[in-house]
Amino acid sequence: SPLDAPQHFHYETVQDREATLSWKEPEYPNGDVTGYEIEVMELGNFSVNKVGNENTPQRFLELSNLDVVTSYQIRIRARTGESNYGPYSDIIELETCPENMKKTSNSSCYAEIGFFENSVGFAERCDTLGFALGVGYCLTEGTTVQTLPIKPGFWRPSKMSSFVWKCPDQTFCSQDGFNSLGNLTDINDQCKDTHQGIFCSDCIEGYALNRTTCTLCTDDVFTTHKRAFVTVMIILLVVMVVGVLKIVCASHLFDECSSGLHGQSLNGGLIKETASSSREISGRSWTKRKLQSSWKIWFSKLGASCRDTFNLFFKVKIRILFGFAQVFYALLPRQYYWDTEKGASVLEFVTGLSPKDLLDLFEIRCYYDTSHYDILLLYTLLPITFIGVVVSVYACITHYRRASRYKEQMKRESITTVFYLTFIIYPGVSRVILQTFMCEDFEEADGDFITTRFLGVDTRLSCEDSNERLFWIWYASIMVLVFPIGILFMYSFSLYQRSSLFEKDEEDLTAQDVENKAMVRFLTEPYRTGLYWFEAYELVRKLVQSYTNTWVSAPNAAAEDIIPNMFSLNICFVSVFILVYLKPYKDDGDFWFALLSLLLLMPLIQMKMLDLSSEQFTIGTNWLLGLEFLLMFTIGFAQLRCSRKRKTSIRMAMGSKII
């Protein structure tokens, strides 16, 4: 038997389920060594596994079928002859690595090629973050979460975080070449100069964010932004005043006032007026009066023709265009409050009347740096204030005896204006309210500016429990009842209350019935009689189709765009099916334009699922908007041309009969 144990017994490499052992012959073998016996014992499990090795010259063995992250005690002894065993060596201990990791005798476990070691010491596939990693990532062993080569435009909340997020504005998270956190001293080192915070969307002190970068707030810039802020407030005030004047003018109240003033002038100075008129008539030539009369008649006919053309062929299409734009802009990949790369457009503000869109058209942040809560307050209080002003004006004007006969007209115009307003703001204000509840979490966070729970739409606002957060949750909850639920209830109740009127023939309607139907004409005018309720469905459709990105959350960063976009695409298909099945519009041109508008949303969703650059995406969206306008005018003017041809043929047919 050997007089001593094999020498230098150790492990060379250890993996998740395998280990390679190595040793040298005993110093005093006392004959020819014919084999070795290795004893393997799992700690915590008293079973012993003995492995023999007959291949003496190699003096190494690969153990397999080990358990992951398990400790073992191993020793070895040599044999001469058939069963002459020598003494055991000293015990060596080894612990297997987590899956897809390995180690050597002088190192700890590290990730294999194609994997990286996360913050808790386990290996993750680099492919799961392939969308954010540079070319040739993880081609060497030992890659850690800190040394991952992150592409410019992506951001991590912690040096040890394996969650990588695409910056809403990728220029804010720009670095030269690939970036790893291994050599960064601060988490904000990921950001462009003067940027900081979550997604680098905030600015350091003394700077304010504009559409491209953080701007230094000098005294001159402060003054300019202050003027812009005043301009925004004036625009909002003008919009409210115009709305009130629209109600008063449409009620013909000014006609009453002007006729009253005209009557007073007749009673007070009939002789003066007659004398003045005589001098005026005598001073004019007959030709001049004739030209003025002709021009007045021509402009009157032109205005009437344009008004009839708009009402017949473009009025409903404009409403469809508004609905398309509301969904279109909501589906743009602007998931965060400070995604200012694309900015806002005039069309977006007009079709949604969002204060945020109006503020994005101006630079005011050096004077007043608005947050999501400011926009929530503006977007909800402005419509409520306007409706309060309308009710007050209606009550004051109808209180006077002279205007009392215009009470029903003012009531109808007031209700119609409220319908117009709610039709425009419903998707936008509902989105802002619902976004108040949507928070996102970080498992790890570094630095003073990085919180573990923040508001998804405005990353500067924390969702941690506080009195401020509780107030805004309660406020948004009340506004849910007022706007998303309240407006839908108002539409549905107004239509349900008059549902019996839509089942009667026109000749069976009384004067009061006609007036009641006129109250909801805005809601029912585009649709066939049996589908008078379709506008209420359209409210729900636009809300659901627009904000699936807000409601549907993805399980990981790689899939965050796929799941909501697939859901939106399915909603598009369902909406197209419902529209084709019901055919709710009275006019065929309106139906086809509504159908094509829904179909145009599908390429937008598909573009979001592609890895397009910002320039490519902007070009694509501009083409889609241009095509939408082209379709509206093409269908409208085609209908106009067909209508004129039909009228011409009818006149010719009537003329031939007379002859």
H195 and S201: side-chain donor and acceptor closer than 3.5 Å?
no
Residues S568 and Q545: closest non-hydrogen pair is OG-O, 4.2 Å
Nearest heavy-atom contact between Q326 and K542 is OE1-NZ, 3.2 Å
query: Within a radius of less than 6.0 Å around CZ of F222, do more than 12 heavy atoms belonging to other residues, nucleotides or ligands occur?
result: yes
task: Evaluate side chain to side chain contact (heavy atoms under 4.5 Å, CB included) for Y85 paired with E37, printing each intermediate quantity in order.
output: CA-CA 8 Å; Y85 289 98; E37 183 183 75; 3.8 Å; yes
* To do: Could you tell me whether the side chains of T104 and E12 share a donor-acceptor contact shorter than 3.5 Å?
  => no
- Counting N and O atoms only, with roles assigned by atom type, does the side chain of N30 sit under 3.5 Å from a partner on the main chain of S1, one being a donor and the other an acceptor? yes
Closest heavy-atom pair, L601 versus C572, reported as atoms and distance to 0.1 Å, is CB-SG, 3.8 Å
Go through the steps to decide whether E39 and R75 satisfy the test salt bridge (Lys or Arg N to Asp or Glu O under 4.0 Å), and finish with yes or no. CA-CA 5 Å; E39 185 180 88; R75 61 182 182 173; 2.8 Å; yes
Applying salt bridge (Lys or Arg N to Asp or Glu O under 4.0 Å) to D67 and not counting sequence neighbours gives none
Output field: ring centroids F60/W23 closer than 6.0 Å: no
Minimum side-chain heavy-atom gap I74-L63 below 4.5 Å:
yes
Exercise. Could you tell me whether the side chain of I198 reaches within less than 4.5 Å of the side chain of W155, counting heavy atoms only?
Key: yes
Residue set satisfying disulfide bond (SG atoms under 2.5 Å apart) with C138, at least two apart, ordered chain then number -> C126
Point to revise | Ring-ring centroid check F471 W474, cutoff 6.0 Å | key: no
Smallest heavy-atom separation, D16 atom then N100 atom, equals OD2-N, 3.2 Å
| task | Check whether any side-chain N or O of D458 sits under 3.5 Å from a backbone N or O of L455 as a donor-acceptor pair, and report yes or no. | result | no
Nearest heavy-atom approach of A208 to C217 is CB-SG, 3.5 Å
query = Salt bridge check: are E141 and K102 linked by an N-O gap of less than 4.0 Å?
reply = yes
Separation between CG (L94) and OG1 (T13), nearest 0.5 Å, reads 10.5 Å
Problem set entry | Check: K103 main-chain N/O paired with S107 side-chain donor or acceptor under 3.5 Å | no
### Message
SG to SG below 2.5 angstrom is the rule I want applied to C167 and C173. Does it hold?
### Response
yes
_Pair W165-F199, ring pair (Phe, Tyr, Trp, His ring centres under 6.0 Å): steps then yes or no_ = CA-CA 8 Å; W165 304 65; F199 305 127; 5.7 Å; yes
Here the gap from E18 atom CD to N65 atom CG, rounded to the nearest 0.5 Å, amounts to 8.0 Å
*asked:* With a 3.5 Å distance limit and no angle check, can you tell me whether Q196 reaches the backbone of C203 through a side-chain donor-acceptor pair?
replied: yes
Using atom types as modelled and distance alone, determine if a side-chain donor or acceptor of S89 lies under 3.5 Å from a backbone N or O of P6. no
*Checking salt bridge (Lys or Arg N to Asp or Glu O under 4.0 Å) for the pair R77/D4: CA distance, chi angles, key distance, verdict?*
CA-CA 8 Å; R77 64 180 179 175; D4 61 346; over 6 Å; no
Closest non-hydrogen atoms of P2 and N84, given as atom of the first, atom of the second and distance, are CD-O, 3.5 Å
Decide yes or no on side-chain hydrogen bond (donor to acceptor under 3.5 Å, both in side chains) for Y373 and E468, but give the supporting numbers first.
CA-CA 10 Å; Y373 293 150; E468 181 188 20; over 6 Å; no
Exercise. Do any N or O atoms from the side chain of T436 and from the backbone of A476 form a donor-acceptor pair under 3.5 angstrom?
Worked result: no
